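Just so you know, ligand 1 is whichever comes first in the structure, and atom 1 is the first atom listed for that ligand. Along the sequence shown, the residues carry numbers beginning at 1. Since the model is a prediction, treat every value here as computed from it, not as a measurement. Atoms considered below: every heavy atom in the structure, side chains included; atoms not considered: hydrogens, waters and symmetry mates.
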Amino acid sequence: MDARKRHYGWYEGKEVFEYVLTNDQQAVFRCIDYGAVVTGIEVPDQFGKRENVVLGFKQFEDYVNDSPYFGAFVGRVAGRIADGAWSAYRLTQNEGQHHIHGGVHNFSQRVWDSRVVKENNKVGVAFSLVSPDGDNGYPGNLSVTVTYYWTNENVWEMLITAETDQQTLFNPTNHTYFNLSGNTKRKVLNHTLQMDAEKYAETNGAKLPTGRLLPVANTAFDFRVPKKMRTAIKERPEGFDTPFKLTGNKKIQLHDPDSGRILVIETDREAVVVFSTTDMEEDYLVDGEKMSSHRGIALETQELPDAVHHPKFRSIVIEPERTYHYRTKYTFTTHQA
Ligand code: G6D
């Protein structure tokens, strides 16, 4: 196992570093201390060819200028909070009247403290930051550490811990977009998606949950058995920007039959938001081509969005004098050639 740290850029007078973690199979995991962004994951296809399977930019400036949260760690709270309102607190309203992804200059736009961590059979980077009392309207000084481990079995483990000195909200996620074809040579339409999710959260025109958890059976939201994204998009042409409540083993599986690559996500979180990138026609380049619909799919493990307004959703309120732990594991394998 090998961990290298190298200069990546400058942000607000601070030097930004990239970490390149290489395991004994020569599979590579890259991340930077700006936003704790995952910038690359290079894993073999069914013939052993290693290629990148996440959306990212070629240069640091693009992450700063106009990133749709590529690979980013999102906080304090992922997703939308209606009217930026929680209790007597007023959070930054950065999507119309609503709050999204922790506000402005949020966790994905800060330089984190970082250090390499090594354990048996895995190497990682621990990123830490302190979000001060009043940050984007949230109360409490919040200390967060997210550690990305890369193992010899091509597993990315994400471990998050948090402590606060006042009651506050916390619902982080990682916003990586996957494309298992390798270096985004194809769109994700031929990928199949399968999820242990019996229900999805109905959303309104502002993409906020209405509070109703509806059965996926006989709807476009049914991914209980593997379904091609092409089929899913045909069933729902506006695409998916949808929270699913996870049940059972809470597994999420993405499979690209063409490259043979398989991603299995396991988590202790309540939900996953599936964002299919439908209608994302952008000017920035990914692998030399303009970003367009279905170049990737974001699978964001988290608690259900806007939980503060829906008592049936798992609470995201955290209390002082406790340490909170959250864990998601991403396993990369292939089917047999
Ligand atoms: C999240 O749910 C949101 C999307 O609506 C947003 O566009 C994206 O982040 C950048 O997945």
Side-chain angles (χ1 to χ4, degrees), residues 35-39 54-57 62-84 91-109 136 158 171-179 188 193 195 197 200-211 220-221 223 229 232-233 236-246 252 254 265 267 269-284 286 290-310 313 316 328:
V37 167
V38 176
T39 47
V54 301
L55 300 194
F57 291 118
D62 294 333
Y63 285 101
V64 175
N65 292 342
D66 193 13
S67 174
Y69 294 87
F70 277 171
F73 189 82
V74 179
R76 292 186 187 191
V77 174
R80 295 164 180 85
I81 297 180
D83 305 315
L91 312 174
T92 308
Q93 292 164 302
N94 57 326
E95 192 182 68
Q97 79 214 65
H98 306 300
H99 175 83
I100 187 169
H101 288 336
V104 294
H105 199 255
N106 56 49
F107 288 9
S108 67
Q109 296 155 331
N136 277 291
M158 175 170 68
N171 183 13
T173 194
N174 179 285
H175 207 295
T176 293
Y177 297 73
F178 298 94
N179 179 329
V188 298
L193 177 64
M195 299 189 287
Y200 70 99
E202 180 186 62
T203 50
N204 64 21
K207 300 182 177 178
L208 276 155
T210 61
F221 303 100
F223 291 93
M229 287 309 295
I233 299 291
R236 188 176 161 79
E238 64 269 52
F240 297 82
D241 191 348
T242 310
F244 290 82
K245 186 172 162 67
L246 295 169
I252 302 154
L254 192 65
I265 304 178
T267 187
R269 312 299 298 277
E270 178 187 30
V272 60
V273 171
V274 175
F275 178 49
S276 63
T277 75
T278 310
D279 294 332
M280 257 178 105
E281 306 297 329
E282 312 290 345
D283 283 336
Y284 51 74
V286 177
K290 278 193 179 182
M291 177 67 192
S292 57
S293 293
H294 312 129
R295 289 289 295 283
I297 179 168
L299 299 167
E300 312 158 39
T301 57
Q302 58 189 267
E303 311 319 315
L304 286 164
D306 202 26
V308 292
H309 296 120
H310 303 294
F313 296 0
I316 62 162
T328 299

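The pair K290-E282 does not count as a salt bridge, with every side-chain nitrogen at least 4.0 angstrom from each carboxylate oxygen.
Each of Y69, F70, Y63 was checked for a ring pair (Phe, Tyr, Trp, His ring centres under 6.0 Å) with H175, and the lone residue meeting it is Y69.
Of the protein's heavy atoms, D241 OD1, 2.6 Å lies nearest to atom 2 (O) of ligand 1. The nearest protein atom to atom 7 (O) of ligand 1, hydrogens excluded, is given as F275 CZ, 3.7 Å; this is a heavy-atom distance.
Taking the side chain as every heavy atom from C-beta outward, Q93 and H98 never approach each other to under 4.5 Å. Using a 4.5 Å cut-off on side-chain heavy atoms (C-beta onward), H310 and P305 make no contact.
Polar contact check, Y69 against ligand 1: no nitrogen or oxygen pair lies under 3.5 Å apart.
Looking at residues two or more places apart in sequence or on another chain, you find a side chain to side chain donor-acceptor pair (under 3.5 Å) between D241 and K207.
Those atoms of ligand 1 with a heavy atom of K207 less than 4.0 angstrom away are 5 (O). Near E300, with a cut-off below 4.0 Å to any heavy atom, the atoms of ligand 1 are 1 (C), 11 (O). For ligand 1, the atoms sitting less than 4.0 Å from at least one non-hydrogen atom of H101 are 1 (C), 3 (C), 9 (O), numbered in the order shown with element in parentheses.
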